[in-house]
Amino acid sequence: SGGHVNPAVSLAMCVTGRLKWTKLPIYILAQFLGAFVGAAAVFGIYYDAFMEFSNGTLEVTGPNATAHVFATYPAPYLSFINGFADQVMSTAVLLLAIFAIFDTRNNSVPKGLEPVVVGLLIIVLTCSLGMNSGCAMNPARDLGPRLFTAIAGWGMEVFTAGNNWWWVPIVAPMLGGVLGAMIYVVFIEIHHSDTQPGEENDTYDKYELTNM
């Protein structure tokens, strides 16, 4: 399937013709379910630690807050505009770099090492752009665990905290992903020389990574 993991990646692939639109709902559903189950696994494994730290009360804000372990919440100083721009830019950079990594007409990453490079890319972006709100860059990774926390005991405050921040890490990464993909296509990809005979250029195969 390509291991997109991220709805913003899947949407950008569809917009640029690298993934069939009929597959998008299936990808997004699987991504959200995966994030939800992952959050449940973390909570189950560290249940005693959560209870010990918070004295048995699962809190969203305050000194004993633990909801931020699962989803992103804005720093006290962060405005909606700044937070939205933060998520758009970080996801745009993520997608621009992903497109470069998997473009076979670049001096590409050695085959089979692409996932390692993408993982390092995410670490770099998280370390450099995570201060404002945790650098979600992924609607599934944020909403899936947020839904889990709402059910598991933190309550609906997970959606109202930060002045109803919850929608920003869903909408902004989707827009940023498309923006980053289009920047790559317009400023780099369409300027490649024509494909030489025999050169690998199967669009769907390349971006779904079935050749790995």
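Scope of the values below: all heavy atoms of this structure, side chains included, with no hydrogens, waters or symmetry mates. The first residue in the sequence is number 1, and the count goes up from there.
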Minimum-distance pair of heavy atoms, taken over all atoms of Ala12 and Gly177: CB-O, 3.7 Å
What are the two closest non-hydrogen atoms of Phe99 and Ala181, and how far apart are they? CZ-CB, 3.6 Å
Can you tell me how far the CG atom of Leu147 sits from the CG atom of Asp142, to the nearest 0.5 Å? 9.5 Å
With no hydrogens and no angle check, is any side-chain donor or acceptor of His191 less than 3.5 Å from a backbone partner on Val185? no
Any idea which heavy atoms bring Pro7 and Asn138 closest together, and the distance? CD-OD1, 3.2 Å
Any heavy-atom pair between the side chains of Pro173 and Val168 that's under 4.5 Å? no
Given side chains that start at C-beta, do those of Thr16 and Tyr184 come closer than 4.5 Å, heavy atoms only? no
Angle class for the Phe70/Phe148 ring planes (parallel below 30°, perpendicular above 60°, tilted otherwise)? tilted
Any chance you could measure Leu125, atom CG, to Leu120, atom CG, to the nearest 0.5 Å? 11.0 Å
To the nearest 0.5 Å, tell me how far Leu24 CG sits from Cys14 SG. 4.5 Å
Which pairs pass side-chain hydrogen bond (donor to acceptor under 3.5 Å, both in side chains) with one or both residues in residues 120-135, sequence neighbours excluded? Tyr77-Asn132, Asp86-Asn132, Gln87-Ser133
Met182-Leu94 co-clustered via ILVMFWY side chain contacts under 4.5 Å: yes
Please tell me whether Trp21 and Tyr27 are part of a single hydrophobic cluster in this structure, the criterion being side-chain heavy atoms less than 4.5 Å apart. yes
What's the spacing between Ile98 CD1 and Leu121 CG if we round to 0.5 Å? 6.5 Å
Give the cluster check for Val5 versus Val116: same hydrophobic cluster or not, with ILVMFWY residues linked at side-chain heavy-atom distances below 4.5 Å. no
One pair to check against side chain to side chain contact (heavy atoms under 4.5 Å, CB included): Asp103 and His192. What are the steps and the verdict? CA-CA 10 Å; Asp103 188 344; His192 284 311; 2.8 Å; yes
Membership question, hydrophobic clusters at under 4.5 Å side-chain separation (ILVMFWY): are Leu78 and Trp167 in the same one? yes
At what distance, to the nearest 0.5 angstrom, does OG1 of Thr66 lie from CZ of Phe43? 8.0 Å
Closest non-hydrogen atom pair between Met156 and Ala150, with its separation: SD-CB, 4.3 Å
Under 3.5 Å, side chain of Asn64 to main-chain N/O of Glu59, donor-acceptor pair present? no
Does Phe102 reach the side chain of Val118, with side-chain heavy atoms less than 4.5 Å apart? yes
Under a 4.5 Å cut-off applied to non-hydrogen side-chain atoms, are Tyr46 and Glu52 in contact? no
Is it possible for you to say whether Val15 and Ile183 belong to one hydrophobic cluster, with membership spreading through side-chain heavy-atom contacts below 4.5 Å? yes
With side chains defined as the heavy atoms from C-beta onward, is the minimum distance between Ser54 and Leu58 less than 4.5 Å? yes
When rounded to the nearest 0.5 angstrom, what is the spacing between OG1 in Thr57 and CE in Met51? 8.0 Å
Option from Asn164, Thr149, Val60, Leu143 for which side chain to side chain contact (heavy atoms under 4.5 Å, CB included) with Phe159 holds: Leu143
Between Ala35 and Ala140, which heavy-atom pair has the shortest distance, and what is it? CB-O, 3.1 Å
Just to verify, what does Ser10 make a side-chain hydrogen bond (donor to acceptor under 3.5 Å, both in side chains) with, not counting sequence neighbours? His4, Gln31
Are the side chain of Glu114 and the backbone N or O of Gly112 linked by a donor-acceptor pair below 3.5 Å? yes
Side chains of Leu179 and Met89: closer than 4.5 Å at any heavy-atom pair? no
Heavy-atom count check: over 12 atoms from other residues, nucleotides or ligands less than 6.0 Å from Met131 CE? no
Looking only at heavy atoms, the pair that brings Phe53 and Ala65 closest together is CE2-O, 4.0 Å
